[in-house]
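Numbers here simply count residues along the sequence, with the first being 1. Order of listing sets the numbers, starting from 1, for every ligand and every atom in it.
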Amino acid sequence: MSSRLEETFYQQDFVSVNQIQDRETVDELFESAYEMEERVAAREVGDVLAGHAIPIIFYQPSTRTALSFLYAAKRLGAYSEAMHDMTFSSAAKGESLPDSIRAIQNVTGASAIVLRHPDDASSQEAANYAEVPIINAGSGKREHPTQALLDLLTIHAKKQTFDNLKVALVGDLLYGRTVKSLALLLSRIGHNNQFYFASAPQLRFPEDFLATLPNGTRFTEMDNIHDALDADVLYMTRTQKEWFEQEGRLDEYEELKAKLVLTNDMAEMMPQDAIIMHPLPRQEELRYGVDKNPRAAYFDQMKYGLYLRMAILKAILVPGS
Ligand code: NCD
């Protein structure tokens, strides 16, 4: 039986959140993710991906994303290994991404490759050369599609909806990829949401990104968190030091890193049933005092990352998912 989930994902690359065109795909994916949650709770030994190899290749640091892909693959019975330290790889000898991707595919007998890389176009470039699906685990400053889905799943799990919400995206909107992917996904798949884009003026979403949001997306840009405290979902992000470093703007980083900070006193001013999210890792923008606040959802958010990535791997590799 063919489903929207199968049409969207089976044997397809997943490089951009824009590949998700309709709500039915998301509904079916989330149904599968909730099923995965039950399987994990039951400590079920999975085998739907038995025989498949899924190398996880990271050219940028990660704790959550790499490990959740690794355990998602293993929990479904695949062979999987995470290669984090690409300084020991042939990239250090000047090998191009297209050559590295074909090597990784062929030496592992991969069924799919999970890739994180600092270039915006990296996943698409890899997909142009690989014969197996490429799954984007974060590319440059633009895309982090599985994070956007796990964020949406978290919102769905906590709020039972992703419609009619006030959603505040806070922090480094210029360099952050999670906020861009989430804004695109939610504005297209959700109904009647209202966005607050809260950042220092220097860290606003780039104009060319805003132009890619669907017509009619309702958003207000602001330079502080206080005006966003009536939000149903407050999504904090870290100021992305590495990009400032790369662009020789470290002095500006020091000035901007703690401009928009959420304290527990501020969190207490939010609606009782609001949720606070963060893709993590955090720096100073999210005070540890918020962790015990009942609105804090960022530790659960990681759990949804595991379930969501299990569902994605299955949808890409198992027909009839
Ligand atoms: C994010 C990323 O890599 O874009 N981390 C993650 O995947 N959870 C956010 C970040 O690094 O700030």
(message) Looking at Asp232 and Lys158, is there a salt bridge between them, counting it only when a charged N and a carboxylate O are closer than 4.0 Å?
(response) no
(message) Between Arg39 and Glu35, does any NZ, NE, NH1 or NH2 come within less than 4.0 Å of an OD or OE carboxylate oxygen?
(response) yes
(message) Does any N or O of ligand 1 fall below 3.5 Å from an N or O anywhere on His144, backbone included?
(response) yes
(request) Say whether Pro281, considering both its backbone and side-chain N or O atoms, lies within less than 3.5 Å of an N or O atom on ligand 1. (result)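 Not met; the criterion fails.
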(message) Tell me whether ligand 1 is touched by Thr178 - counting only heavy atoms on the residue side and a distance under 4.0 Å.
(response) yes
Check whether the side chains of [X] and [Y] place a donor and an acceptor atom closer than 3.5 Å, and report yes or no.
X      : Y      : answer
Asn192 : Arg218 : yes
Tyr175 : Gln246 : no
Arg204 : Ser199 : no

Residue [X] vicinity, atoms of ligand 1 by number, heavy atom under 4.0 Å:
X      : value
Gln147 : 6 (C), 7 (O), 8 (N)
Arg177 : 2 (C), 3 (O), 4 (O)
Gln240 : 10 (C), 12 (O)

(request) Tell me, yes or no, whether the heavy-atom count around Tyr129 atom OH, taken from other residues, nucleotides or ligands under 6.0 Å, exceeds 12. (result) no
(message) How about OH on Tyr71, more than 12 heavy atoms from neighbouring residues, nucleotides or ligands closer than 6.0 Å, or not?
(response)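 Counting neighbours around OH of Tyr71, 12 or fewer heavy atoms of other residues, nucleotides or ligands fall under 6.0 Å, so no.
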(request) Would you mind checking which non-hydrogen protein atom is closest to atom 11 (O) of ligand 1, with the distance to 0.1 Å? (result) Arg238 NH2, 2.9 Å
(request) Closest by any non-hydrogen atom to atom 5 (N) of ligand 1: pick that one out of Val179, Thr65, Leu280. (result)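 Nearest option to atom 5 (N) of ligand 1, by heavy atoms: Leu280.
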(message) If we set the cut-off at 4.0 Å for heavy atoms, which region of Gln60 has an atom near ligand 1: side chain, backbone, both, or neither?
(response) neither
